[in-house]
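Below is one structure; the comments refer to it alone.
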Amino acid sequence: MAKIGYARVSTKDQKLDHQIDILKSFGCDRIFSEKASGRKVKRTELDNCLDYLRDGDTLVITKLDRLGRTTKQLIELSQYLDEQDIDLHIIDMQINTKDPMGKMFFTMMSAFAELEANLLSERTKRGLSSARARGRKGGRPQISDDKKKMIYSLYSSKEYTGQEICEMTGVSRTTIYNVIKENKHRLND
């Protein structure tokens with residue numbers, strides 16, 4: 001039953017020293033640290049930390065936002081830890097999911113996350129409805145037929161890579177492959 005620490009800063013200019021010192025003084029047996037945005041879903045060292053943790057271990061962080069920036073991320077992570085029988089200790093808030101108050105804290109966060117998701121969905125639906133009433137459609141604007149022809153011509157010449165075609169036409173690689181697929185379907189029909 002080990003205490004495993006996780007430290008994170010968002011930018012390369014920031015230092016991890018303060019968090020690591022706190023985690024060491026808290027008695028962490030091992031500390032995983034990284035410089036990555038908290039909004040990123042996939043963080044290499046967090047994933048390594050989660051893989052390292054075992055039943056009965058405690059994940060220790062200095063502040064809640066070190067673990068994630070969105071309520072959804074935090075709730076999903078909390079549920080994962082609970083399913084794996086791993087406790088979470090947040091030092092600055094003195095919250096530990098071993099005790100009932102800590103579990104209640106995450107339960108309340110779940111309720112807020114669900115409310116937040118529902119409100120966002122409601123606002124999005126209202127916005128789309130309002131835009132449709134004004135004759136606008138959602139989504140990205142379509143690219144012109146001339147640009148589609150250019151993309152297909154460049155691709156068919158086999159002289160350029162996908163990246164080069166992206167740079168020449170100013171569209172994403174996904175758009176290029178969609179145009180190619182669309183042309184192949186048209187030719188096969």
Side-chain angles (χ1 to χ4, degrees), residues 1-128 138-140 162-163 166-167 172-175 177:
M1 306 220 198
K3 289 181 183 175
I4 308 301
Y6 175 72
R8 181 191 62 77
V9 291
S10 299
T11 66
K12 302 224 183 281
D13 298 339
Q14 294 174 312
K15 303 247 183 271
L16 290 157
D17 299 340
H18 181 66
Q19 290 179 58
I20 291 171
D21 290 345
I22 293 171
L23 294 169
K24 281 181 182 176
S25 71
F26 198 76
C28 290
D29 301 318
R30 177 134 188 222
I31 298 171
F32 292 83
S33 62
E34 67 188 322
K35 295 184 178 190
S37 169
R39 293 191 182 275
K40 287 177 79 174
V41 175
K42 287 289 179 194
R43 286 175 271 153
T44 306
E45 286 303 307
L46 178 58
D47 291 342
N48 291 341
C49 179
L50 295 174
D51 288 341
Y52 185 84
L53 288 160
R54 300 290 172 250
D55 287 2
D57 285 351
T58 301
L59 173 60
V60 182
I61 54 175
T62 57
K63 293 171 51 181
L64 183 60
D65 67 352
R66 299 300 86 200
L67 208 49
R69 288 283 188 183
T70 68
T71 307
K72 182 180 180 219
Q73 279 178 328
L74 294 170
I75 297 304
E76 287 172 355
L77 189 54
S78 172
Q79 289 170 342
Y80 170 80
L81 294 173
D82 192 44
E83 290 165 4
Q84 303 301 314
D85 196 28
I86 297 167
D87 294 313
L88 174 64
H89 191 103
I90 307 165
I91 295 173
D92 79 330
M93 300 172 85
Q94 290 303 307
I95 291 176
N96 189 333
T97 57
K98 275 184 184 176
D99 63 53
M101 288 301 284
K103 287 191 189 261
M104 183 197 70
F105 173 76
F106 277 106
T107 302
M108 287 172 47
M109 284 183 61
S110 296
F112 285 122
E114 187 174 344
L115 174 63
E116 178 184 350
N118 290 338
L119 291 173
L120 178 63
S121 174
E122 197 174 287
R123 285 191 303 268
T124 302
K125 287 176 185 173
R126 277 197 306 254
L128 288 171
R140 293 183 181 169
Q163 185 59 42
C166 288
E167 291 167 6
S172 70
R173 191 172 285 212
T174 303
T175 300
Y177 293 119

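Quick caveat: nothing in here was measured; it's all calculated off a predicted structure.
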* Give the minimum heavy-atom separation between C49 and Y6, together with the two atoms involved. => SG-CB, 4.3 Å
* Do you know which two heavy atoms are closest between G102 and I95, and how far apart they sit? -> CA-CG2, 3.8 Å
* Examine the side chains of T175 and S172 and answer whether a donor and an acceptor come within less than 3.5 Å of each other. => yes
* Asked: Closest approach of A2 and D57, non-hydrogen atoms and distance?
  -> N-OD1, 2.8 Å
* Structure fact -> For F32, the ring-ring contact (aromatic ring centres under 6.0 Å, His included) test, sequence neighbours excluded, returns Y52
* Asked: Looking only at heavy atoms, what is the nearest atom pair of A7 and I20, with distance?
  -> CB-CG1, 4.3 Å
* To the nearest 0.5 angstrom, please state how far the CD atom of E45 sits from the CG atom of D51. => 10.5 Å
* Structure fact -> Heavy-atom nearest pair, R43 first then E34, reads CB-OE2, 3.2 Å
* If you round to the nearest 0.5 Å, how far is CE of M104 from CE of M101? -> 4.0 Å
* Would you indicate whether the side-chain heavy atoms of L59 and L53 approach each other to under 4.5 Å? => yes
* Structure fact -> Across all chains, not counting sequence neighbours, the side chain to side chain contact (heavy atoms under 4.5 Å, CB included) partners of Q14 are V9, S10, T11
* To do: Please tell me if the side chains of K35 and R8 come closer than 4.5 Å, counting only heavy atoms from C-beta onward.
  => no
* When rounded to the nearest 0.5 angstrom, what distance separates CG in L23 from CG in D29? -> 11.5 Å
* To do: Identify the two heavy atoms, one from I61 and one from L64, that lie closest to each other, and give their separation to 0.1 Å.
  => CD1-CA, 3.9 Å
Listed pairs under 3.5 Å, donor-acceptor, residues 80-94 side chains, sequence neighbours left out:
residue: D82; atom: OD1; partner: K103; partner atom: NZ; Å: 3.4
residue: H89; atom: ND1; partner: N96; partner atom: ND2; Å: 3.2
residue: Q94; atom: NE2; partner: I91; partner atom: O; Å: 2.8

